[in-house]
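Below is one structure, written out as structure tokens; the observations come after it.
Residue indices begin at 1 and follow the sequence shown.
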Amino acid sequence: MESERQSKKQFFGLNSVIFVLGMVSLLTDLSSQMIVPILPLYLTSILHVQVGTVGIIEGIAESTSSILKFFSGWISDRFGKTKWLMVGGYGLSNLIKPFFALSSTWGQVLFIRFADRFGKGIRTSPRDAILADTTTKEERGKAFGFRRSMDTLGAALGPFVTYLILTLWNGSYQAVFWLSAIPGLIATLLLIIFLKEKRKSIKTPSNVKLLPKISFKGLSSRFVLFTLITTLFTIGNFSDAFLILRAKDVGMAAEYIPLTYFAYNIITSIFSTPFGMLSDRIGRRPILITGYVMFALIYLGFGLVHTVFGIWILFFIYGLYYATTEGIQKAYVADMVPEGQRGMAMGTFNALTGIATLPASVMAGFLWQSFGAFTAFGVSSLLAIISALLMFILRI
């Protein structure tokens, strides 16, 4: 069939589905990460929002995204269609983000962030499911690592473009917001035109519920334990917006903060595929445990740092943490769950870890505002160490 021939075409050793999704991820994250490094600064400096409110905005936005990943995963498994879910999700996110330029209250920013993350929630689980279904176990780490590499390459280019725009437009946040629409539009068009979906024949039993629920029924105990441990870890993994505010507190000039994002995303992009391939060889577990311990040390460092140079070093190492966890966690879930259940499993995993992002950012904002930055980062570091120990002791 034509769709199967398309998926077998090779681009740099990757089939066409993986390659197209990698390019779409690159452009979408370029668009998103043009905005992410300046949004907390826009909220606190221009709209005069307190740190606690930033935590609420980020918590609601990220938890909404992850809960919707659950529903989109269920739809993917039930109907066997992934492309148009992804088109809708990418399209919504890329169309709504430029409207930050018109926002004048934190409530408007919350609505736009909500809509943006709504789009991400629609697209992520179907994308992960199609990646898993078009690869074998022996090459899955490489595939997820490649997509993550492209994702973070775009995430690296985005802040660099933002730095250039701020320099050329005299620090205009609005110029950044409007220009972020260009790569987002190109990404959506690439997905519509070039992604060839392999049609699935799905037979749904008559007793299957019309609506999904968060459930571990029929899934392995390893998957259950891994999801619960990762959820605990996520409670301490609050929004990167707080890292930006920490850089500002230490004394870094606003126009240079996007460059720290550029640095850590470049590191993540370079190392995601090699770490993914390493996980194919030695297993996902030791890589993930290493990543959790690294995260604990980095966040402890953010709590203690007092120099701009220290901020630069921590952001570089932060890129290595992302390379050892993001794509590999998804590959690990795919290893534990058979084809046909992966959309639902990815959705359940994303929903539980995503629900945890709401208390994570709200808690961080409260601790920061009430007790200072060190307490907020210290609690996160402790939760990461506990998660690493659980994975080591329980041999997940």
Side-chain angles (χ1 to χ4, degrees), residues 36-67 106-107 109-110 113-114 117 228-252 254 257 260-261 264 291-308 310-315 317-319 321-322 325-326 351-390:
V36 167
I38 62 169
L39 190 58
L41 306 178
Y42 180 70
L43 283 165
T44 56
S45 301
I46 306 300
L47 302 186
H48 305 292
V49 169
Q50 293 186 330
V51 173
T53 304
V54 174
I56 293 172
I57 292 172
E58 290 300 309
I60 291 174
E62 293 301 333
S63 59
T64 297
S65 166
S66 295
I67 292 169
W106 73 265
V109 172
L110 173 60
R113 279 288 285 157
F114 176 86
R117 298 296 88 181
L228 294 177
I229 291 171
T230 307
T231 301
L232 174 65
F233 172 79
T234 305
I235 292 174
N237 188 4
F238 48 73
S239 169
D240 288 351
F242 292 98
L243 307 186
I244 296 168
L245 295 177
R246 184 60 175 156
K248 179 186 175 185
D249 279 354
V250 169
M252 180 172 284
I257 290 176
T260 63
Y261 250 64
Y264 105 73
Y292 287 2
V293 172
M294 193 180 301
F295 176 92
L297 296 175
I298 292 165
Y299 265 45
L300 184 61
F302 270 107
L304 295 170
V305 69
H306 293 293
T307 67
V308 171
I311 290 289
W312 277 103
I313 296 298
L314 288 169
F315 267 104
I317 305 172
Y318 194 52
Y321 149 71
Y322 263 108
T325 55
E326 286 292 290
L352 288 175
T353 55
I355 289 169
T357 62
L358 177 56
S361 290
V362 172
M363 178 183 71
F366 169 77
L367 291 174
W368 187 316
Q369 202 164 300
S370 301
F371 305 104
F374 176 76
T375 301
F377 284 103
V379 170
S380 292
S381 180
L382 178 61
L383 289 174
I385 288 293
I386 293 172
S387 300
L389 286 173
L390 287 173

Handout entry: Step-by-step side chain to side chain contact (heavy atoms under 4.5 Å, CB included) determination, Leu300 to Phe374
Key = CA-CA 8 Å; Leu300 184 61; Phe374 176 76; 4.1 Å; yes
Practice task
Begin from the C-alpha positions of Tyr321 and Asn237 and carry the test side chain to side chain contact (heavy atoms under 4.5 Å, CB included) through to its verdict.
Solution key: CA-CA 12 Å; Tyr321 149 71; Asn237 188 4; 3.3 Å; yes
Practice task
Starting from the C-alpha separation in whole Å, work towards a yes-or-no answer on side chain to side chain contact (heavy atoms under 4.5 Å, CB included) for Leu243 and Phe377.
Solution key: CA-CA 10 Å; Leu243 307 186; Phe377 284 103; 3.4 Å; yes
Practice task
Kindly determine whether Asp240 and Val36 satisfy side chain to side chain contact (heavy atoms under 4.5 Å, CB included), including the steps that lead there.
Solution key: CA-CA 9 Å; Asp240 288 351; Val36 167; 5.5 Å; no
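Taking all atoms of both residues into account, the shortest heavy-atom contact from Pro37 to Ile257 is O-CG2, 4.1 Å. Annotation for Ile235 and Ala360: closest pair O-CB, 3.1 Å, computed over non-hydrogen atoms. Heavy-atom minimum distance, Met363 versus Val379: CE-CG1, 4.1 Å.
For the atom pair Leu232 CG and Leu390 CG, the distance stands at 6.5 Å (nearest 0.5 Å). Rounding to the nearest 0.5 angstrom, the gap separating the CD1 atom in Ile38 from the CD1 atom in Ile244 is 9.5 Å. In this structure, OG1 on Thr234 lies 10.0 Å from CG on Leu383, to the nearest 0.5 angstrom. Taken to the nearest 0.5 Å, the OG1 atom of Thr260 stands 12.5 Å off from the CD1 atom of Ile313. To the nearest 0.5 angstrom, Ile298 atom CD1 is 7.5 Å from Tyr318 atom OH. Taking CG of Leu314 as the reference point, atom CG of Leu297 lies at 10.5 Å (rounded to 0.5 Å).
The closest side-chain heavy-atom distance from Phe233 to Thr325 is not below 4.5 Å. Annotation: side chain of Thr230 is in contact with side chain of Tyr292 (closest heavy-atom distance under 4.5 Å). In this structure, the side chains of Val51 and Phe242 come closer than 4.5 Å at one or more pairs of heavy atoms. Side-chain contact between Arg246 and Val305 is present, with at least one heavy-atom pair separated by less than 4.5 Å. Looking only at side-chain heavy atoms (C-beta outward), Lys248 and Pro40 stay at 4.5 Å or farther from each other.
No side-chain donor-acceptor contact under 3.5 Å links Glu58 to the backbone of Ser361.
A ring-ring contact (aromatic ring centres under 6.0 Å, His included) with Tyr322 holds for exactly one of Tyr261, Phe295, Tyr264; it is Tyr264.
Taking the six-membered ring for Trp and the full ring otherwise, the centers of Phe302 and Phe315 sit less than 6.0 Å from each other. Less than 6.0 angstrom separates the ring centroid of Phe238 from the ring centroid of Tyr299.
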